[in-house]
Undergrad: 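This structure is in structure tokens; I'll ask about it shortly.
Since the structure is predicted, the reported quantities are computational estimates derived from the model, not experimental observations.
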Amino acid sequence: PATILPGDSIFDAKNADPGTYRIRFTLDSTVVGCPDSSERDIIVNAKPAISLTGDSFCAGDSVLLDAGNPGATYQWSNGRTNQTEYFSTEGPHKVIVTISGCIDSAQVTLTINDVPSVSITAPDVKCTNDSIKDLAASPLGGQWYLNGDTLSSAILNPESIGDTSFVLVYEYTDGNGCSGIDTLLDTLYQSPEITEMPDLGTVCSSQSPFKLMALPSEPEGKWYINGDSLIGDTLYPDSLSAGVFDVVYVYTNIDGCSDSDTSSLIINDVLDVKIDSILSNCDNQGIETLEASRQGGQWYINNDSIYS
């Protein structure tokens, strides 16, 4: 309660509740005149109630401090005079609040949390027909975005992107709620498509050399036989032993993107056929059986076929 200090005529509102207090002064005199008294009201106003809550925030951000007490006047340690102020440093930050002639102050020290360091490992992609790639970044546990869209899994499918530039973003949020972001800008190039390949089938080793043809054509195209590079585009069957061969055509465009296709080739050896000696020399000699080193062939006389 409010008190009047004895002998000092001092009104002490230190422990008084806010409100109106009526004080009376009485003078009793038996010496001069008659006794008298006087009254007046003293209003005790509440001092400002200030609650600056210490908080933490992420480096690069700021926190809003509110001194409360609308209608008061304010003096912050940064020189500002608003009820609320943003701060981006630890402080301490102090405010003096005056309302109805009453003054109080408060200060707070803030905590700044570091933003996590985030790094994307660039995926090895260049062409639209590259294989699907697993995305990698550190720290683990973040979220991937492709051209602003959230990726449901950490994979990149070049075919679905097409021949265009793309933006890859990785965002990681730590236990303090602070987020770090890394961004990768890259470009995919259109891969060529081989639309035509030769139907090689089966040939004999004695067959004449022939040209291999495919679309798109050379000079960007390159031929391989069982993994060995072919010089030019002419195949020489007699240079290969009998067997089955994978004839591969690889076409690379000006952007360095490639496509390949394979055709199967079977090469058979030429049969070594020899006719046995013929004994007939005279037109009156008897019939002679013709024999050759291999059975099952066809006989010809002067290029006309005979049946036996």
Undergrad: Could you tell me which non-hydrogen atom of Val97 sits nearest to which non-hydrogen atom of Pro48, and how far apart they are?
TA: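 Smallest interatomic distance, heavy atoms only, reads O-CG, 3.5 Å.
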Undergrad: Does the pair Leu188 and Val125 meet the rule for a side-chain contact (heavy atoms from CB on, under 4.5 Å), with working shown?
TA: CA-CA 7 Å; Leu188 285 176; Val125 292; 4.1 Å; yes
Undergrad: Can you tell me if Asn226 uses its side chain to pair, donor with acceptor, with the backbone of Asp246 under 3.5 Å?
TA: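 At least one qualifying donor-acceptor pair exists.
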Undergrad: For the pair Asn302 (side chain) and Asp304 (backbone), establish whether a donor and an acceptor sit closer than 3.5 Å, ignoring hydrogens and angles.
TA: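 Checked: no pair found.
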Undergrad: In the structure I gave you, are the side-chain heavy atoms of Phe245 and Asp228 within less than 4.5 Å of one another anywhere?
TA: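 No. Closest side-chain heavy atoms not under 4.5 Å.
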Undergrad: For the side chain of Lys222 and the backbone of Thr252, is there at least one donor-acceptor N/O pair under 3.5 Å apart?
TA: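 Between the backbone of Thr252 and the side chain of Lys222 there is no qualifying donor-acceptor contact (under 3.5 Å).
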Undergrad: Between atom OG1 of Thr128 and atom CG of Asn157, what is the distance when rounded to the nearest 0.5 Å?
TA: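 Reported value, rounded in 0.5 Å steps: 10.5 Å.
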Undergrad: State the OG-CG distance between Ser117 and Asp174, to the nearest 0.5 angstrom.
TA: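 It is 11.5 Å, given to the nearest 0.5 Å.
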Undergrad: Taking disulfide (SG to SG under 2.5 Å) as the cut-off, I'd like each qualifying pair that reaches into residues 106-188, sequence neighbours left out, listed once.
TA: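 Listed by first then second residue: Cys58-Cys178, Cys127-Cys257.
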Undergrad: Determine the minimum heavy-atom distance between Pro216 and Thr195, stating which atoms define it.
TA: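 Result for this residue pair: CD-N, 4.4 Å.
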Undergrad: Should Asn268 and Thr202 count as side-chain neighbours, where that means a heavy-atom distance under 4.5 Å?
TA: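 A side-chain contact exists here, since the closest heavy-atom pair is under 4.5 Å.
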Undergrad: Roughly how far apart are Thr73 OG1 and Asn82 CG, rounded to 0.5 Å?
TA: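 Here the rounded value is 12.0 Å.
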Undergrad: Please say whether more than 12 non-hydrogen atoms of neighbouring residues, nucleotides or ligands are located less than 6.0 Å from OH in Tyr189.
TA: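 Count not over threshold, so no.
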Undergrad: Within the structure provided, determine whether Pro123 and Leu184 are in side-chain contact (heavy-atom separation under 4.5 Å).
TA: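 Yes, at least one pair of side-chain atoms sits under 4.5 Å.
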Undergrad: Determine the minimum heavy-atom distance between Ala49 and Asn69, stating which atoms define it.
TA: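 Here Ala49 and Asn69 meet closest at O-ND2, 3.0 Å.
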Undergrad: Measuring from atom CD of Glu171 to atom CG of Asp182, what distance do you get when rounded to the nearest 0.5 angstrom?
TA: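 Spacing of CD (Glu171) from CG (Asp182) equals 11.5 Å.
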Undergrad: If you compare all heavy atoms of Pro70 against all heavy atoms of Ile99, which two are closest, and at what distance to 0.1 Å?
TA: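 Closest approach of Pro70 to Ile99, heavy atoms only: O-CD1, 4.2 Å.
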Undergrad: Are there more than 12 heavy atoms of other residues, nucleotides or ligands under 6.0 Å from atom CG of Leu64?
TA: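 Yes - once you tally the heavy atoms of other residues, nucleotides and ligands closer than 6.0 Å, there are more than 12.
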Undergrad: Would you compute the distance between atom CD1 of Ile194 and atom CG of Asp261 and round it to the nearest 0.5 angstrom?
TA: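 Going from CD1 on Ile194 over to CG on Asp261, the span is 5.5 Å.
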Undergrad: Please name the pair of heavy atoms, one in Glu220 and one in Tyr251, separated by the smallest distance, quoted to 0.1 Å.
TA: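 Between these two residues, the closest heavy atoms are CB-CE1, 3.4 Å.
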Undergrad: Is there a side-chain contact between Ser51 and Thr53, using heavy atoms and a 4.5 Å cut-off?
TA: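 Ser51 reaches Thr53 side chain to side chain.
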Undergrad: Just wondering, more than 12 heavy atoms not from Tyr86 lying within 6.0 Å of its OH?
TA: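 12 or below, so no.
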Undergrad: Less than 4.5 Å apart, any side-chain heavy atom of Trp76 and any of Leu65?
TA: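 Touching, per the 4.5 Å side-chain cut-off.
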Undergrad: First locate atom CD of Gln207, then atom CG of Leu235, and finally report the distance between them rounded to the nearest 0.5 Å.
TA: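 Here the interatomic distance stands at 9.0 Å.
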Undergrad: Report yes or no: does Ser77 contribute a side-chain atom to a donor-acceptor pair with the main-chain N or O of Lys94 at less than 3.5 Å?
TA: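 Present.
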Undergrad: Check this for me: Lys133, atom NZ, are more than 12 non-hydrogen atoms of other residues, nucleotides or ligands nearer than 6.0 Å?
TA: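 Atom NZ in Lys133 is crowded, with more than 12 foreign heavy atoms closer than 6.0 Å.
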Undergrad: Please determine whether side-chain contact (heavy atoms from CB on, under 4.5 Å) holds for the pair Ile161 and Leu156, giving the CA-CA distance in whole Å, both sets of side-chain angles, and the decisive distance to 0.1 Å.
TA: CA-CA 9 Å; Ile161 298 175; Leu156 185 70; 3.5 Å; yes
Undergrad: Looking at every heavy atom in both Leu185 and Phe166, which two are closest together, and how far apart are they?
TA: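 For Leu185 versus Phe166, the nearest heavy atoms are CD1-O, 3.3 Å.
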Undergrad: When you measure from the side chain of Ser191 to the backbone of Asn129, do you find a donor-acceptor pair of N or O atoms at a distance under 3.5 Å?
TA: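 Answer holds: yes.
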Undergrad: Show me, pair by pair, the donor-acceptor contacts under 3.5 angstrom made by side chains of residues 134-155, not counting sequence neighbours?
TA:
from   : atom 1 : to     : atom 2 : distance (Å)
Gln143 : NE2    : Leu151 : O      : 2.9
Asn147 : OD1    : Val167 : N      : 2.8

Undergrad: Show, in sequence, the C-alpha distance, side-chain angles and deciding distance for Val108 and Leu110, and conclude whether the side-chain contact (heavy atoms from CB on, under 4.5 Å) test is met.
TA: CA-CA 6 Å; Val108 65; Leu110 306 174; 4.3 Å; yes
Undergrad: Answer whether the closest heavy-atom distance between the side chains of Ile275 and Trp299 falls below 4.5 Å.
TA: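 Yes, close enough: below the 4.5 Å cut-off.
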Undergrad: Would a 4.5 Å heavy-atom cut-off, applied to side chains only, mark Leu212 and Tyr249 as touching?
TA: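 Heavy-atom side-chain distance check fails, nothing below 4.5 Å.
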Undergrad: So, Asn45 and Ser100: side-chain donor and acceptor under 3.5 Å apart, yes or no?
TA: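 Side chains of Asn45 and Ser100: no pair found under 3.5 Å.
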Undergrad: Atom CG of residue position Asp124 - does it have more than 12 heavy atoms of other residues, nucleotides or ligands inside 6.0 Å?
TA: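 Incorrect, the count does not exceed 12.
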